[in-house]
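See below for the structure under consideration.
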Amino acid sequence: MVNEIADQHHSIRSKSMFNRFLVFLAKHPHVIPERMLRGLFLVAADVAWLFDVSGVRQLERNLNHVLTSANDGRRPSRRQLRRVSRQGMRSYFTYFAEAMTVGAQSTRRLLARTRPAGPGYPIARKVTHEQGLSIPIAIGHQGNWDYEGLLASNRLAPVTTVAERLKDDELLKTFIDIRKRVSIDVLLTGTPHLTEKLEKILTGTHASVPLMGDRDLGPNGEFVEAFGSIIRVARGPATLALDTGLPFFVVTMYRERLHGRRRKEAGISQGYVVYISEPLDIAAMRSLPREEAIHAISQAWVDEWSKAIKAHPQDWHMLQPIFLEDLDFSRLRNVPQTVVDRLDDRQRSQLRDQG
């Protein structure tokens with residue numbers, strides 16, 4: 001018990017030091033050259049991965065589901081899982097290096113680091129530019145969502161999103177300032193009538209509203225099928241799509257190697273593909289009872305999003321529990337009985353296997 005308390009204290013202290021370091025870098029983005037800073041963060045990622053810290057272990061639990069699903073039910077080898085988790089940690093820490101140096105880059109350079117793609121991109125351009133409509137978007141913890149927001153603001157419509165209300169006020173202000181620099185307006189979780197405010201923005205102004213939906217921060221998430229299991233996602237994207245009736249897109253993101261002129265303009269060797277799906281066909285779902293409709297729309301966007309995660313698992317930065325097997329049900333509300341039964345069945349199966 002003493003050792004556990006000591007480990008927790010050390011973890012909290014290390015996290016506090018890391019947060020202060022991030023704040024310092026964001027306030028002084030020119031102090032350390034970007035190339036050097038990227039190298040430092042990659043070393044930090046490798047150290048965290050090598051010592052198999054708790055976030056890495058959870059990432060690997062999540063990736064195990066993804067890789068098993070991508071391999072038609074065959075579980076990945078330990079070597080494959082460790083290789084992909086290392087890539088994931090390096091991708092995740094690269095995001096921090098990029099976010100903290102936004103203030104040292106021009107908009108042109110940052111835009112050169114992203115490339116819009118997918119069948120939905122010309123449709124989204126038409127909807128936002130020719131028709132003058134707003135668009136709700138479901139996104140996940142992939143790549144660099146700040147760069148993604150900058151691209152959307154410049155190519156589609158001004159961006160408003162929601163960010164987690166962090167306990168560290170100074171770090172929270174730092175991330176809000178970073179997003180302002182890349183033309184992203186931020187509302188915080190816990191804001192009264194948040195969904196209504198987002199709907200008003202979508203219907204009353206010209207906006208893109210991307211919501212990070214692959215993890216729910218409150219007690220009332222939506223349970224959907226994914227990667228051969230059940231995950232708990234945010235209800236926000238589906239709710240906005242249902243209530244506004246606007247074209248609803250899924251946007252995913254992964255890294256690509258840059259070459260030639262674009263590499264020179266970007267100032268880095270790897271950029272991002274921002275892949276935009278065709279708008280989801282939810283017309284039939286809108287006639288369902290409200291709760292059924294939100295569930296069906298949530299399942300639809302997760303089905304589209306999960307294809308990209310299986311194709312590019314190394315760029316998924318999910319270091320928190322989202323799968324059925326890892327959730328603390330004592331903190332959740334309104335858990336469907338079907339989900340409880342599914343968990344009970346899995347636990348009984350595990351007991352039989354152990355016996």
Any chance you could measure [X], atom [atom1], to [Y], atom [atom2], to the nearest 0.5 Å?
X	Y	atom1	atom2	result
Leu194	Glu199	CG	CD	10.0 Å
Glu60	Leu81	CD	CG	4.5 Å
Thr252	Glu304	OG1	CD	7.5 Å
Thr244	Leu202	OG1	CG	5.5 Å
Leu258	Gln270	CG	CD	7.5 Å
Asn62	Ser85	CG	OG	11.5 Å

Only counting residues at least two apart or in another chain, list the ones meeting ring-ring contact (aromatic ring centres under 6.0 Å, His included) with [X].
X	result
Tyr275	none
Phe24	His28
Phe227	Trp305

### Task
In sequence, state the C-alpha distance, the side-chain angles, and the governing distance for Met253 and Ile139, and then conclude on side chain to side chain contact (heavy atoms under 4.5 Å, CB included).
CA-CA 9 Å; Met253 197 173 192; Ile139 65 173; over 6 Å; no
Just by distance, do the side chain of [X] and the backbone of [Y] share a donor-acceptor pair under 3.5 Å?
X	Y	answer
His206	His129	no
Trp49	Gly88	no
Arg179	Val186	no
Arg109	Glu265	yes
Ser91	Gln87	no
Arg262	Ala112	yes
Asp214	His141	yes
Arg57	Asp52	yes
Ser298	Arg235	no
Thr189	Glu164	no

Same cluster for [X] and [Y] if Ile/Leu/Val/Met/Phe/Trp/Tyr side chains link at under 4.5 Å?
X	Y	result
Ile137	Val273	no
Phe96	Met36	yes
Met100	Leu110	yes

Nearest non-hydrogen partners of [X] and [Y], listed with the distance:
X	Y	answer
Arg125	Leu156	N-CD2, 3.8 Å
Gly149	Val159	O-CG2, 3.5 Å
Leu280	Ala300	CD1-C, 4.0 Å
Ala207	Ala157	C-CB, 3.7 Å
Ser306	Asp303	OG-O, 3.0 Å
Ser69	Gly228	OG-N, 4.4 Å

### Query
Given Arg232, which of Asp328, Asp216, Asp326 fulfils the salt bridge (charged side-chain N to carboxylate O under 4.0 Å, His left out) condition?
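So the option named by the test is Asp216.
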Does atom [atom1] ([X]) have a neighbourhood of more than 12 heavy atoms from anything else shown, all under 6.0 Å?
X	atom1	answer
Arg35	CZ	no
Arg261	CZ	no
His30	NE2	yes
Glu170	CD	no
Arg165	CZ	yes
Lys126	NZ	no

Decide yes or no for [X] and [Y]: does some side-chain heavy atom of the first lie under 4.5 Å from some side-chain heavy atom of the second?
X	Y	value
Ile135	Leu246	no
Thr94	Leu42	yes
Pro76	Thr68	yes
Leu198	Leu187	yes
Val224	Ile231	yes
Ser134	Ile201	no

### Task
Go through the side-chain N and O atoms of Glu148 and Asn144 and say whether any donor and acceptor fall under 3.5 Å apart.
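No.
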### Task
For the residue pair Tyr95 and His317, categorise the inter-ring angle as parallel (less than 30°), tilted (30 to 60°) or perpendicular (more than 60°).
tilted
### Message
Below 30° counts as parallel, above 60° as perpendicular, anything between as tilted: where do the rings of Phe323 and Trp316 land?
### Response
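Perpendicular, since the angle between the ring planes exceeds 60°.
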#### Entry: Under-4.0 Å salt bridge between Glu98 and Arg38
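Yes, charged N to carboxylate O under 4.0 Å.
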### Query
With a 4.0 Å cut-off, would you call Asp177 and Arg181 a salt bridge?
no
